[in-house]
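One structure below.
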Protein chains: 2
Amino acid sequence: MSRAAQQPPAARPTLEAVAARAGVGRGTVSRVVNGSSKVSAKARAAVEQAIAELGYVPNQAARSLVTSRTDAVALVIPESVAKLSSEPYFSDIITGVSAELADSDLQLLLVLVRDEHERERLSRYLTARRVDGVLLVSVHQDDPLPELLERLELPAVLGGRRSERETLSYVHADNAGGARAAVRHLLSRGRTAIGTVTGPLDIEGAAARLAGYRQALAEAAVPADEGLVAHGDFTERGGREGMRELLARRPGLDAVFCASDLMAAGALQALREAGRRVPQDVAVVGFDDSVVARHTEPPLTSVRQPIEETGRLMVRSLLKEIAQPGRFRRQTVLPTELVVRESS
Amino acid sequence: MSRAAQQPPAARPTLEAVAARAGVGRGTVSRVVNGSSKVSAKARAAVEQAIAELGYVPNQAARSLVTSRTDAVALVIPESVAKLSSEPYFSDIITGVSAELADSDLQLLLVLVRDEHERERLSRYLTARRVDGVLLVSVHQDDPLPELLERLELPAVLGGRRSERETLSYVHADNAGGARAAVRHLLSRGRTAIGTVTGPLDIEGAAARLAGYRQALAEAAVPADEGLVAHGDFTERGGREGMRELLARRPGLDAVFCASDLMAAGALQALREAGRRVPQDVAVVGFDDSVVARHTEPPLTSVRQPIEETGRLMVRSLLKEIAQPGRFRRQTVLPTELVVRESS
DNA sequence: AAGGCATATGGGAGCGCTCCCACCTCGATG
DNA sequence: CATCGAGGTGGGAGCGCTCCCATATGCCTT
């Protein structure tokens, strides 16, 4: 007796069981569960009571099998460049995405792609259409994923874009504008020899920040000097090395714009190491206005971009695209804002 | 013609189609796909070729319907306390979990629980058994989720534990030991009036850190002084306020152990504000050895706990529990390590 | 009073898969 | 040479649901 009781972990009731209990047909129960309006008040009440009594919960697999919807979307984060934990960008994206998704009935699948092998796995997964849509952040120029998404006609929204002629939907911050504001700010502080440490230029956002830097200088009629441009990779180490390079090439520089806060933190280290005072000798500006910006010594002036908001908007675009797959691009650009602190 | 070609997005081939093409029965194809050994080499070759030619990918929903496995696990993060982005702990857990999951065929569902309403949703989700297992971090004393997991007999592993008599499987760091090491270190530096800012004590890890602090003092025969204990909540602000409180109550204190780096960063602010030098006047030690520890001024001495490893081990335990649901607890404690920097 | 229409309802068919059982081959055995 | 079992194989049944069509019900129109 006790054996029998413990063996089957309380088989879940089915639609059919609910129908029987409520004294209606399967169709009616299905209609109630899915919120159809074409059900009489009486039938609805009976069904709802039966559902409550039985503790009925729909079986998603069965539903999915017939509707071929999965009620899940994937957030894909290529982790090739930065570690999740050191790059606050990803955490904020996740927060925004999750928050916006909470009101829908969609589940969030998190997929970190570390290497070729894992990308392969993801491709198979997407080909199997195991999700209704995909959010993809930190896209590289030659990333094969966006193309795959287009080919599969899978609803997708990018965080960032591959180029200015992006064919997929995307949401991103006004990187060029933000960089421009940063450099103008440095100019307004009387700085003239302004260097920059870029991010990986195969990410359009990084390229746009470099372009913004150049624009601002050009507007101010400051002659271009490629010796003032060092290439980083968004990491702290990259920032440190980029800064050292700049100092070696142009010892007289009096300001630097870094394409990320993490790199700016690295730059601060290199400057300290070289005995330069910040901001007296060299002013520093970062990008992202992440947690680190407030904790460096001195705290960083930085370009704030609304990352969490980016995640939210990505979801909103994706939901629309899923609702009506008439794939028309939805491309959103969010404004940035300069936050001035002691480093400039 | 062109219309017809564009309408159906290339209906995916089914098991049946593969079987027809390979000239075998459905059963054989299923056996090949699922790696059964009871298939002749010839049949296997034929099936594999057909799969390749047709680009067949199994339909997970159909499979799930009959096996009632979902091939997905959920990582549940209650976001009530800290924001994902300011708390590097979560990012590292995610990284570890995702890495360890990559080799299995399980998908990672990320569920951030912000409020009662979302917890409700999660409960329904779990009741529907939409995942094969659950990873739950940052458990509170009175969190109803662990109980639900036990009731549902859903494989689950906690990051941390509810109490010392935890009945579920868990993985966590040796919090008490880490705190003890931190305080001993301060004692060895000649500090005697050592305060602490605790985390939320309904999290066992935070309580254990406080206990470790007390143990170390007791061992050294330092009389207990409740005036040296302030309560925080793991946030920077909490650390700042806790430190202010301590300074007000015990102006003569010469060291403080904070239960998280973020709180230590806040404490540094309060100390600066009060004109105390670190470490000359007051030594500071944090916990976690997160990114912020390296960026504060001065950089923080901190207790390193292997967070990513925690995530990995949680997954390993969960996989075992899923494989053989004979629910026997697997409880792992990981060592911590003191990292000494300039703040002490 | 008969017909017409909108609204509700029941239930068959079928989604793509795994499970399992019946069957079919062969080589080994008595 | 009949018998047996092990290894392979085909395919029926059925997982729980939605879709859709046939049918029923009630009320308004002429």
Side-chain angles (χ1 to χ4, degrees), chain A residues 8-48 50-51 54-72 105 124-125 127-130 132, chain B residues 8-48 50-51 54-72 105 124-125 127-130 132:
Chain A
R12 290 169 48 200
T14 68
L15 231 210
E16 190 111 34
V18 175
R21 174 142 198 153
V24 300
R26 286 196 332 278
T28 301
V29 177
S30 178
R31 259 158 270 174
V32 170
V33 170
N34 293 292
S36 156
S37 59
K38 303 184 171 317
V39 180
S40 68
K42 194 170 124 238
R44 162 165 287 121
V47 170
E48 275 165 354
I51 287 177
L54 261 39
Y56 169 74
V57 193
N59 179 318
Q60 174 62 21
R63 177 180 285 172
S64 190
L65 180 56
V66 38
T67 60
S68 61
R69 277 182 293 102
T70 63
D71 291 324
D105 282 307
R124 244 175 300 132
Y125 196 80
T127 306
R129 298 203 155 248
R130 302 253 323 246
D132 293 342
Chain B
R12 288 171 49 200
T14 68
L15 231 210
E16 190 113 34
V18 174
R21 174 143 199 153
V24 300
R26 285 198 331 278
T28 301
V29 177
S30 178
R31 261 160 255 156
V32 171
V33 169
N34 292 294
S36 158
S37 59
K38 304 187 172 313
V39 181
S40 67
K42 193 170 124 240
R44 164 165 286 119
V47 169
E48 276 166 355
I51 287 177
L54 261 40
Y56 169 73
V57 193
N59 180 318
Q60 173 63 21
R63 176 181 286 172
S64 189
L65 180 56
V66 38
T67 61
S68 59
R69 277 183 292 101
T70 63
D71 291 324
D105 282 309
R124 245 174 300 132
Y125 195 80
T127 306
R129 297 204 156 246
R130 301 252 324 246
D132 293 341

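Because the structure is a prediction, the values reported are computed rather than measured.
Using a 4.0 Å heavy-atom criterion, one finds that A/Ala19 contacts no nucleic acid atom at all.
The two residues B/Arg69 and B/Gln60 make their nearest non-hydrogen contact at O-NE2, 4.2 Å. Closest heavy-atom contact between A/Glu48 and A/Val32: CG-CG1, 4.2 Å. Residues A/Arg21 and A/Ala50 come closest through the heavy atom pair CG-CB, 3.7 Å.
B/Asp71 contributes atom CG, which lies 6.5 Å from atom CZ of A/Arg130 (distance to the nearest 0.5 angstrom). Taking CD1 of B/Ile51 as the reference point, atom CZ of B/Arg44 lies at 10.0 Å (rounded to 0.5 Å).
Proximity of A/Asn59 to A/Thr14: side-chain heavy atoms (C-beta onward) are nowhere separated by under 4.5 Å. By the 4.5 Å heavy-atom criterion applied to side chains, A/Arg63 and A/Val33 are counted as neighbours.
Using a 4.0 Å cut-off, no side-chain N or O of B/Ser40 falls inside it from OP1 or OP2 of D/dG7.
A donor-acceptor pair is defined here as one N or O able to donate and one able to accept, closer than 3.5 Å; no such pair exists between the side chain of B/Arg31 and the backbone of B/Lys38.
Between its two ends, the helix from C/dA1-D/dT30 to C/dG30-D/dC1 turns its axis by 50°, counting five pairs per end and rounding to 10 degrees.
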In the 5'-to-3' direction, what one-character label does each nucleotide of nucleotides 12-20 of chain D receive under the scheme B = base within less than 4.0 Å of a protein heavy atom, S = sugar-phosphate only, - = no such atom?
BB-BBBB-B
